[in-house]
Engineer: 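So that we are looking at the same thing, I have put the structure below in structure tokens.
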Amino acid sequence: MYSNVIQGIPVCMDQNSSCYAKQNNIAYENVVIVNKQLPLWANDQEKQTEIQCQFCKRPIITLTKQRIGKGSIVCSLILILTFPILFWLPCYKESCQDVVHLCPNCGHIVGEKLYKPCS
């Protein structure tokens, strides 16, 4: 995208300034420093996600936990009526459960992905 991107090197546009970027005796002009903007929530993500926690303001990779939600219970009720011996399956399979994202620093819930049967 940018042909002249250097990450982490301070740059001033004034060549006489002390913070003018020089590396290997080459002066870089018009250098763009790219800062990665992290999302604040991990909603609708199945896997661990890199975000900035809304509560402790730190960049984190979320912890994920599975939990039985309304979609799992609905599937279990349908299975009780159709195949009673398999009613437990949605509560056992992780792919049929909700995913909750937690901040490893402060422990707050920072996102959810709800299981939706038939979607």
Side-chain angles (χ1 to χ4, degrees):
M1 187 158 110
Y2 296 105
S3 61
N4 57 349
V5 174
I6 297 176
Q7 293 184 348
I9 298 176
V11 176
C12 293
M13 292 308 181
D14 181 16
Q15 292 182 1
N16 297 327
S17 174
S18 62
C19 66
Y20 188 69
K22 290 186 179 183
Q23 184 177 11
N24 296 332
N25 296 326
I26 300 172
Y28 294 95
E29 295 181 24
N30 300 325
V31 176
V32 178
I33 296 177
V34 178
N35 290 328
K36 187 175 181 183
Q37 182 66 30
L38 296 173
L40 297 176
W41 299 100
N43 290 329
D44 297 326
Q45 302 292 322
E46 290 183 19
K47 306 275 186 203
Q48 294 179 329
T49 306
E50 185 178 6
I51 66 167
Q52 180 177 349
C53 179
Q54 182 71 13
F55 303 99
C56 66
K57 308 293 187 211
R58 291 183 174 172
I60 60 162
I61 296 177
T62 61
L63 298 175
T64 57
K65 298 205 183 239
Q66 313 304 112
R67 72 171 181 202
I68 297 171
K70 293 178 184 176
S72 304
I73 293 172
V74 167
C75 286
S76 291
L77 292 175
I78 291 171
L79 284 173
I80 282 177
L81 298 175
T82 56
F83 301 102
I85 201 164
L86 299 176
F87 79 94
W88 56 270
L89 198 57
C91 296
Y92 176 74
K93 295 265 305 161
E94 287 186 355
S95 61
C96 296
Q97 296 178 1
D98 296 346
V99 178
V100 179
H101 292 269
L102 302 168
C103 173
N105 293 324
C106 64
H108 280 88
I109 295 176
V110 292
E112 290 181 311
K113 179 171 179 20
L114 302 178
Y115 171 68
K116 298 177 185 170
C118 305
S119 62

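For the single chain, residues carry numbers from 1 onward in sequence order.
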Engineer: For atom CD of Gln54, decide whether the heavy atoms of other residues, nucleotides or ligands shown that lie under 6.0 angstrom number more than 12.
Structural biologist: yes
Engineer: CD1 of Ile68 to CD of Glu94: how many Å apart, nearest 0.5 Å?
Structural biologist: 11.0 Å
Engineer: Tell me the closest heavy-atom pair linking His108 and Phe55, and the distance in Å.
Structural biologist: CB-CD1, 3.3 Å
Engineer: Go through the structure and list residues passing side chain to side chain donor-acceptor pair (under 3.5 Å) with Glu50, not counting sequence neighbours.
Structural biologist: Lys36
Engineer: Please round to the nearest 0.5 Å and tell me the distance separating atom SG of Cys103 and atom CD of Gln52.
Structural biologist: 10.5 Å
Engineer: Please give me the minimum heavy-atom distance between Lys47 and His101, naming the atom from each residue.
Structural biologist: O-CE1, 3.0 Å
Engineer: Looking only at heavy atoms, what is the nearest atom pair of Leu40 and Ile51, with distance?
Structural biologist: O-CD1, 3.9 Å
Engineer: Checking Thr62 side chain against Thr49 main chain: does a donor-acceptor pair fall under 3.5 Å?
Structural biologist: yes
Engineer: Are Ile80 and Trp88 linked, directly or through intermediate hydrophobic residues, by side-chain heavy-atom contacts shorter than 4.5 Å (ILVMFWY only)?
Structural biologist: yes
Engineer: Do Leu102 and Lys65 have side chains that get closer than 4.5 Å, going by heavy atoms?
Structural biologist: yes
Engineer: Give a yes or no on whether Leu81 atom CG has more than 12 heavy-atom contacts from other residues, nucleotides or ligands under 6.0 Å away.
Structural biologist: yes
Engineer: Nearest 0.5 Å please: distance from the SG atom of Cys106 over to the CD1 atom of Ile60.
Structural biologist: 7.0 Å
Engineer: Kindly indicate whether the side chain of Cys53, heavy atoms from C-beta on, has any atom under 4.5 Å from the side chain of Asn105.
Structural biologist: no
Engineer: Quick one: pull up NZ in Lys70 and CG in Leu114 and give me the separation to the nearest 0.5 Å.
Structural biologist: 8.5 Å
Engineer: Of the non-hydrogen atoms in Asp98 and Gly69, which two are nearest, and what is the gap between them?
Structural biologist: OD2-CA, 3.4 Å
Engineer: Write down the atom of Gln97, the atom of Pro90, and the distance for their closest heavy-atom approach.
Structural biologist: CG-O, 4.0 Å
Engineer: Which atoms form the tightest heavy-atom contact between Trp41 and Val110, and what is the distance?
Structural biologist: CE3-O, 3.1 Å
Engineer: Between Tyr115 and Cys75, is any pair of side-chain heavy atoms under 4.5 Å apart?
Structural biologist: yes
Engineer: Can you list the residues that meet the side-chain contact (heavy atoms from CB on, under 4.5 Å) rule with Lys93, with sequence neighbours excluded?
Structural biologist: Leu89, Ser95, Cys96
